[in-house]
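Working notes for the structure below.
All values below were derived from every heavy atom in this structure, side-chain atoms included, with hydrogens, water molecules and symmetry-related copies excluded. Predicted model only: the values in this text are computed from it and were never measured.
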Amino acid sequence: MIMSRDHPRYESLKIREKLVDGFKAGIVCAEGLIAHGRGEAFDYLVGEKTIEPVMTANRVAVAMMLAAKHPVISVNGNTAALAPEGLGRLSVKLNAPLEVNLFHRTEERVEKIIHHLEAHGAKDVLGKGANARIPNISHERAKVDKDGIYKADVVLVPLEDGDRCEALVNMGKTVIVVDLNPLSRTAQAASITIVDNVVRAVPNMIKLVDEMMTLSKSELEHICASYDNKAMLENVIRRIKMI
Ligand code: PTJ
């Protein structure tokens, strides 16, 4: 579809087009299109921009990733379609492997997503032939790589589901999620919740990594020390009511 740049919903329509193209290419699942619609509704509520309390969460998330021993970035169909280059850049800058991990898993889709990420510059993407399981999860997102999500101390998961978020937290991991719905079980269960669209969250994190990569371990720990995710979520909900 040809869209004029002066269309008032140009950016939003471009994002939809990326998801539809991803669906046609076998990267995004049909359910992913529905999930995006829910995300769009919440994006309206935050004014389609990164609101102030979320920048604090972003900063803490980047500090956690920089201070981690084994940070990993989990990628699903929607995020691969929306931010393939950004995810690859973030992975290189943080020295954190990307791992494809799908709720509606098929081996064919895992391979297509790995190929898509690598075509956009990502290196050594994990996820094929997952060889470990997250305990107490019965669905396909339990399947992980033993050298990736299974071993990670900090996991960044854009568009997580509530069950797995809780299971990862129960494994003792720090779980950073990107979810536009501040009320979702995922948002409530995560260690750090970035209530933002992945199309803004990924570039924001890249910028912050550039700014913060020279900080010492104690400076990074200081940034994380007083962070309270529940208070941050309450702040986001208050802001939404004011917009
Ligand atoms: O690719 P798969 O097989 O792993 O499946 C991906 C989906 C998204 C279908 C799967 O993870 C799923 O069912 O997700 P949920 O439980 O519907 O949750 C999606 C959450 O992401 C909702 O809370 C949405 O508000 C939120 N969301 C949707 N689009 C975005 C978003 N958050 C941030 N940025 C978005 N672009």
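- Inter-residue side-chain proximity for Val125 and Val100 is flagged as met; some heavy-atom pair is nearer than 4.5 Å.
- Salt bridge status for Arg185 with Asp161: absent, with no side-chain N to carboxylate O gap under 4.0 Å.
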Original post:
Ile194 and Val54: side chain to side chain contact (heavy atoms under 4.5 Å, CB included), yes or no, with the steps?
Top reply: CA-CA 6 Å; Ile194 297 171; Val54 174; 3.8 Å; yes

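- Sparse packing is recorded around CG of Asp124, with 12 or fewer heavy atoms of other residues, nucleotides or ligands lying under 6.0 Å away.
- Although no hydrogens or angles enter the test, the distance criterion places no donor-acceptor pair under 3.5 Å between the side chain of Thr174 and the main chain of Val154.
- Between Ile176 and Val157, the closest side-chain pair of non-hydrogen atoms is not below 4.5 Å.
- The only member of Asp179, Val178, Asn78 that meets side chain to side chain contact (heavy atoms under 4.5 Å, CB included) when paired with Leu159 is Asn78.
- Taking NZ of Lys217 as the start and CD of Glu221 as the end, the distance is 4.5 Å to the nearest 0.5 Å.
- Listed here is the closest heavy atom pair of Val75 and Leu117: CG1-CD1, 4.1 Å.
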**OP:** Determine, stepwise, if the pair Arg109 / Glu107 fulfils salt bridge (charged side-chain N to carboxylate O under 4.0 Å, His left out).
**Re:** CA-CA 6 Å; Arg109 197 151 72 91; Glu107 294 312 314; over 6 Å; no

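- Thr193 OG1 to Glu160 CD: the interatomic distance, rounded to the nearest 0.5 Å, is 11.0 Å.
- Checked by atom type and distance alone, the side chain of His116 pairs as donor or acceptor with a backbone atom of Ala80 at under 3.5 Å.
- By the 4.5 Å heavy-atom criterion applied to side chains, Val177 and Ile192 are not counted as neighbours.
- Distance CZ/Arg133 to OH/Tyr150: 11.5 Å, rounded to 0.5 Å.
- Note on Lys14 versus Glu11: no salt bridge recorded, every NZ/NE/NH1/NH2 to OD/OE distance being 4.0 Å or above.
- Smallest separation of non-hydrogen atoms from Asp196 and Ala201: OD2-N, 4.1 Å.
- A donor and an acceptor atom, one from each side chain of Glu219 and Ser216, are located under 3.5 Å apart.
- Of the possible donor and acceptor atoms, none in the side chain of Asn58 sits under 3.5 Å from a partner among the backbone N and O of Met205.
- Val202 is connected to Ile73 through a chain of hydrophobic side-chain contacts under 4.5 Å among Ile, Leu, Val, Met, Phe, Trp and Tyr, so both are in one cluster.
- Rounding to the nearest 0.5 angstrom, the gap separating the CE atom in Met171 from the CG atom in Asp153 is 12.0 Å.
- Lys112 and Ala25 make their closest contact through CD-O, 3.4 Å (heavy atoms, listed as atom of the first residue, atom of the second, distance).
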Subject >> Step-by-step side chain to side chain contact (heavy atoms under 4.5 Å, CB included) determination, Ile134 to Leu168 >> reply: CA-CA 7 Å; Ile134 298 169; Leu168 290 170; 3.6 Å; yes

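- Heavy atoms of other residues, nucleotides or ligands lying less than 6.0 angstrom from CD of Glu211 number more than 12.
- Looking at Arg164 and Asn101, their side chains do bring a donor and an acceptor atom within 3.5 Å of each other.
- No path of Ile, Leu, Val, Met, Phe, Trp and Tyr side chains, each step under 4.5 Å between heavy atoms, connects Val195 with Val155, placing them in separate hydrophobic clusters.
- Ion pairing of Arg200 with Asp43 is present here, as a side-chain N (NZ or NE/NH1/NH2) and a carboxylate O approach within less than 4.0 Å.
- For the pair Lys230 (side chain) and Gln188 (backbone), a donor-acceptor distance under 3.5 Å is present.
- Taking all atoms of both residues into account, the shortest heavy-atom contact from Glu99 to Asp145 is OE2-N, 2.8 Å.
- No path of Ile, Leu, Val, Met, Phe, Trp and Tyr side chains, each step under 4.5 Å between heavy atoms, connects Val20 with Val198, placing them in separate hydrophobic clusters.
- Between Ile15 atom CD1 and Glu48 atom CD the span is 8.0 Å, to the nearest 0.5 Å.
- Remark: of the listed residues Leu156, Val144, Ile149, Val175, Ile149 is the sole one forming a side chain to side chain contact (heavy atoms under 4.5 Å, CB included) with Ser74.
- Counting only distance, with no hydrogens or angles, the side chain of Asn235 and the backbone of Pro53 share no donor-acceptor pair below 3.5 Å.
- Phe103 CZ to Asn76 CG: the interatomic distance, rounded to the nearest 0.5 Å, is 11.0 Å.
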**OP:** Let me see the working for Arg16 and Leu19 under side chain to side chain contact (heavy atoms under 4.5 Å, CB included), right down to the final yes or no.
**Re:** CA-CA 5 Å; Arg16 281 189 181 178; Leu19 281 164; 5.8 Å; no

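- By the 6.0 Å contact criterion, CG on Asn95 is open, its count of non-hydrogen atoms from other residues, nucleotides or ligands being 12 or less.
- Heavy atoms only, all atoms of each residue included: Met65 and Ala96 are closest at CE-CB, 4.3 Å.
- Linking Ile, Leu, Val, Met, Phe, Trp and Tyr whenever their side-chain heavy atoms come within less than 4.5 Å puts Met55 and Tyr227 in one cluster.
- Side-chain contact check for Asn204 and Thr50: at least one donor-acceptor pair (N or O, by modelled atom type) lies under 3.5 Å.
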**OP:** Given side chain to side chain contact (heavy atoms under 4.5 Å, CB included), test His36 with Ile34 step by step and report yes or no.
**Re:** CA-CA 5 Å; His36 182 71; Ile34 299 168; over 6 Å; no

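- Side-chain atoms of Arg105 and Arg141, non-hydrogen and from C-beta on, never get closer than 4.5 Å to each other.
- Between the side chain of Lys146 and the backbone N or O of Ala130, no donor-acceptor pair lies under 3.5 Å.
- Across Val60 and Ile223, no two heavy atoms sit closer than the pair CG2-O, 3.9 Å.
- For His115, the NE2 atom counts as loosely surrounded, since its 6.0 Å shell holds 12 or fewer non-hydrogen atoms of other residues, nucleotides or ligands.
- A 4.5 Å side-chain heavy-atom check between Glu52 and Arg239 finds at least one atom pair inside the cut-off.
- Using a distance-only test at 3.5 Å, with no hydrogens or angles considered, a donor-acceptor pair links the side chain of Ser184 to the main chain of Asn181.
- Counting heavy atoms from C-beta on, the side chains of Ile114 and Glu111 never come closer than 4.5 Å.
- Dense packing is recorded around CG of Asp210, with more than 12 heavy atoms of other residues, nucleotides or ligands lying under 6.0 Å away.
- In the hydrophobic cluster analysis, where Ile, Leu, Val, Met, Phe, Trp and Tyr join through side-chain heavy atoms closer than 4.5 angstrom, Ile237 is grouped apart from Leu180.
- Taking 4.5 Å as the limit, every side-chain heavy atom of Lys123 sits out of range of all side-chain heavy atoms of Ser91.
- Side-chain contact between Val28 and Leu33 is present, with at least one heavy-atom pair separated by less than 4.5 Å.
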